[in-house]
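The block underneath contains the structure these notes are about, expressed in structure tokens.
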Amino acid sequence: GRTGASPPATPTTALRRRPLRFIRSFAATEGFLPEPPREFLLLVCYYCSEMFFAVVVGALTASTRLFSAPLPSLYEEAERGLTERGQFEARLAGETPSAELAASDSPVSSLRDRGVARIDGALSRETAEKLRVFVAEERRRSEDAVTVGRVPRLSRFADVLLKKNRADVLLPLDDAVVVKALRELFRSPLGETIEAVLGGGSVLRECSCLVADPGAPRQVAHPDTPWRADPAALLTCFVSLQPVELDMGPTLFFPGTHSEEAHAQFFHSDEAVKDDFIRRTPTLVSTLGVGDVSIFDSRTIHCGTANVHADRSRYLFYVSFLDANVRDPGNPGSIRPCYDNVLTFDAIRSALASPDAVPPLFTTLSEDDFRAAKTPPPPAAKITKTKKKNPKKKTTSPKGFGGR
């Protein structure tokens with residue numbers, strides 16, 4: 001039973017119970033010090049406790065930072081993986097020399113045989129510059145309106161692959177600058193090419209501007225739509241609004257890859273087959289002058305290269321037209337909802353023939369666009385007019401079958 005007697009004092013228990021007394025007696029016994037002063041022992045204990053406290057607090061702080069630091073999102077992880085893949089593909093494609101995409105004598109034949117063509121001077125330098133300035137201002141306005149929740153994001157921007165330093169700005173058709181650009185394009189050989197390939201009943205699928213700022217990474221190679229047995233279902237026209245030089249991220253095309261065989265190799269389950277395909281397929285780099293156009297079959301494999309310029313952004317105004325017999329090309333269109341699938345090539349050409357700066361047809365359609373009110377609306381109780389429903393919100397995936 002318990003006797004109340006203390007157990008024999010071991011050095012450990014003695015140190016735990018009376019640290020100062022133990023240190024003094026131990027030092028005196030071993031001959032280290034004759035009799036250490038109490039002040040000295042207090043200083044030793046003080047500094048030892050300070051060191052212990054610093055170690056413990058440091059460890060706790062480090063662990064807190066480790067576990068409280070925000071983990072990368074799935075989107076960030078996906079973007080990082082795609083960026084690394086794009087860099088890897090750049091090295092693969094670099095093993096085969098690239099040629100410059102040259103102007104085509106017959107754009108229709110070039111589209112049929114290679115899946116891509118170039119048309120120079122479709123837009124005047126003056127109009128291109130005005131449109132570039134307008135897009136930059138519209139981008140800022142749209143970002144502000146989306147940030148404060150005044151308009152839905154998808155009514156102003158399309159989803160684009162690798163969003164870092166990139167934007168896909170959806171453009172209004174009731175602006176005089178945009179209309180002037182469309183007029184010039186329709187009156188150029190570009191308009192003739194679209195009509196010859198898709199016909200006057202083809203539908204406006206996209207009207208937007210891709211902006212790649214300095215630092216925009218190289219995209220992975222991709223087609224915008226999957227292969228299908230029909231002839232070209234979707235034609236996309238990239239119009240340069242400034243000179244596009246090699247260091248500004250020009251589009252890289254893999255000519256002739258709008259075929260079933262090319263898609264079978266590119267999307268092969270064995271990654272090595274795809275890598276070998278990218279390594280040995282010749283490429284065309286789309287360096288453009290102001291107002292020049294690269295037009296391509298949406299099945300053609302391509303990618304935007306990295307913009308490594310110190311201070312110049314790349315602006316590509318683009319429109320796409322969809323064959324009237326194709327309901328879904330497998331690619332969400334970059335266009336404001338109020339214009340989606342309602343304007344044919346012939347209807348646009350007829351509207352642009354009017355002398356008005358903005359054709360009445362475009363003004364009417366734009367009434368259904370989301371517009372940020374300049375002044376706050378009156379309280380709900382005072383509103384007697386039935387509110388017009390906003391267009392149905394579209395569900396989208398990142399731009400293109402693999403991205404722009």
Side-chain angles (χ1 to χ4, degrees), residues 101 104 107-119 122 158-161 168 170-171 173 182 185-186 190-210 219 221-239 251-260 262-263 266-267 284 286 293-304 316-337 339-349 394-404:
L101 177 63
S104 309
V108 175
S109 298
S110 185
L111 282 169
R112 182 183 61 247
D113 299 337
R114 301 195 300 173
V116 61
R118 172 172 171 168
I119 299 173
D159 281 337
V160 63
L161 191 64
D168 197 350
L170 308 181
L171 299 181
L173 292 181
L182 288 174
L185 293 179
F186 267 69
L190 177 64
E192 300 170 4
T193 301
I194 295 172
E195 185 177 22
V197 176
L198 296 179
S202 57
V203 180
L204 180 68
R205 179 72 172 177
E206 298 176 302
C207 182
S208 190
C209 186
L210 279 168
Q219 294 177 317
H222 62 274
D224 282 344
T225 58
W227 183 85
R228 56 192 304 150
D230 307 326
L234 184 72
L235 289 181
T236 300
C237 315
F238 283 167
V239 187
T251 308
L252 189 70
F253 292 99
F254 293 74
T257 57
H258 56 314
S259 67
E260 181 180 14
H263 277 231
F266 185 78
F267 291 106
L284 294 173
S286 184
V293 182
S294 57
I295 176 173
F296 62 98
D297 185 318
S298 62
R299 299 169 296 182
T300 303
I301 296 169
H302 62 284
C303 65
L316 288 180
F317 169 53
Y318 71 99
V319 292
S320 295
F321 282 87
L322 178 67
D323 188 298
N325 298 315
V326 177
R327 300 181 66 87
D328 182 11
N331 175 14
S334 296
I335 193 167
R336 293 197 178 188
Y339 311 127
D340 191 20
N341 290 322
V342 295
L343 286 168
T344 65
F345 181 91
D346 283 341
I348 294 173
R349 180 168 54 187
K394 297 190 295 180
T395 57
T396 65
S397 56
K399 176 66 212 161
F401 189 54
R404 279 285 184 217

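No experiment lies behind these values; they were computed from the predicted model shown. When reading the values below, keep in mind they use all heavy atoms of this one structure, side chains included, and skip hydrogens, waters and symmetry mates.
- In terms of modelled atom types and a separation under 3.5 Å, the side chain of Ser104 and the main chain of Ser110 share no donor-acceptor contact.
- The minimum heavy-atom distance between Leu234 and Thr225, with the atom names listed, is CD2-CG2, 4.1 Å.
- Contact annotation: the side chain of Arg228 approaches that of Val326 to within less than 4.5 Å [non-hydrogen atoms, C-beta and beyond].
- From Leu204, atom CG reaches atom CD1 of Ile335 across 4.0 Å, with rounding to the nearest 0.5 Å.
- The side-chain hydrogen bond (donor to acceptor under 3.5 Å, both in side chains) test applied to Ser202 returns no partner, not counting sequence neighbours.
- Looking only at distances, a side-chain donor or acceptor of Arg118 sits under 3.5 Å from a matching main-chain atom of Leu101.
- For the salt bridge (Lys or Arg N to Asp or Glu O under 4.0 Å) condition, the pairs that include at least one residue of residues 192-205, sequence neighbours left out, are Glu195-Arg349.
- Looking only at side-chain heavy atoms (C-beta outward), Cys237 and Leu185 stay at 4.5 Å or farther from each other.
- What you find for Glu260 and Trp227 is that their closest heavy atoms are N-NE1, 3.1 Å.
- For the pair Phe267 and Pro226, the minimum side-chain heavy-atom distance is 4.5 Å or more.
- Atom NE2 of His258 is separated from atom CG of Leu111 by 8.0 Å, given to the nearest 0.5 angstrom.
- Residue Ser294 holds its OG atom at 11.0 Å from CG of Leu284, rounded to the nearest 0.5 Å.
- Summarising the geometry of Gly201 relative to Asp346, their closest heavy-atom pair is N-OD2, 4.3 Å, with the distance given to 0.1 Å.
- In this structure, Ser208 and Phe317 approach most closely via the heavy-atom pair O-CD1, 3.3 Å.
- With sequence neighbours left out, Thr251 forms a side-chain hydrogen bond (donor to acceptor under 3.5 Å, both in side chains) with no residue at all.
- In terms of the ring-ring contact (aromatic ring centres under 6.0 Å, His included) criterion, residue partners of Phe345 (sequence neighbours excluded) are, by chain and number, Phe186, Phe321.
- Contact of the Ser298 side chain with the Asn331 side chain is not registered, since no non-hydrogen atoms from C-beta on lie closer than 4.5 Å.
- Rounding to the nearest 0.5 angstrom, the gap separating the OH atom in Tyr318 from the OG1 atom in Thr236 is 8.0 Å.
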For this session: Report the C-alpha distance between Ser286 and Phe238 in whole Å, list the side-chain angles of each, state the deciding distance to 0.1 Å, and finish with yes or no for side-chain contact (heavy atoms from CB on, under 4.5 Å).
Result: CA-CA 10 Å; Ser286 184; Phe238 283 167; over 6 Å; no
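- In this structure, the side chain of Thr300 engages the main chain of Gly115 through a donor-acceptor pair within 3.5 Å.
- By the ring-ring contact (aromatic ring centres under 6.0 Å, His included) test, Tyr339 pairs with no residue at all, sequence neighbours left out.
- In terms of heavy-atom proximity, Val293 sits nearest to Ala122 at CG2-CB, 3.5 Å.
- A side chain to side chain contact (heavy atoms under 4.5 Å, CB included) with Val197 holds for exactly one of Ile295, Asp323, Leu235; it is Leu235.
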Problem set entry | side-chain contact (heavy atoms from CB on, under 4.5 Å) between Phe266 and Ile301, worked out | CA-CA 9 Å; Phe266 185 78; Ile301 296 169; 3.5 Å; yes
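- In this structure, OG1 on Thr344 lies 12.0 Å from CG on Leu322, to the nearest 0.5 angstrom.
- Here the NE2 atom belonging to His263 is positioned 6.0 Å from the OG1 atom belonging to Thr257, to the nearest 0.5 angstrom.
- Within the structure, every pair that satisfies the salt bridge (Lys or Arg N to Asp or Glu O under 4.0 Å) test and touches residues 294-304, not counting sequence neighbours, is listed here: Asp297-Arg299.
- Under the 4.5 Å side-chain criterion, counting only non-hydrogen atoms from C-beta, Cys209 is in contact with Leu171.
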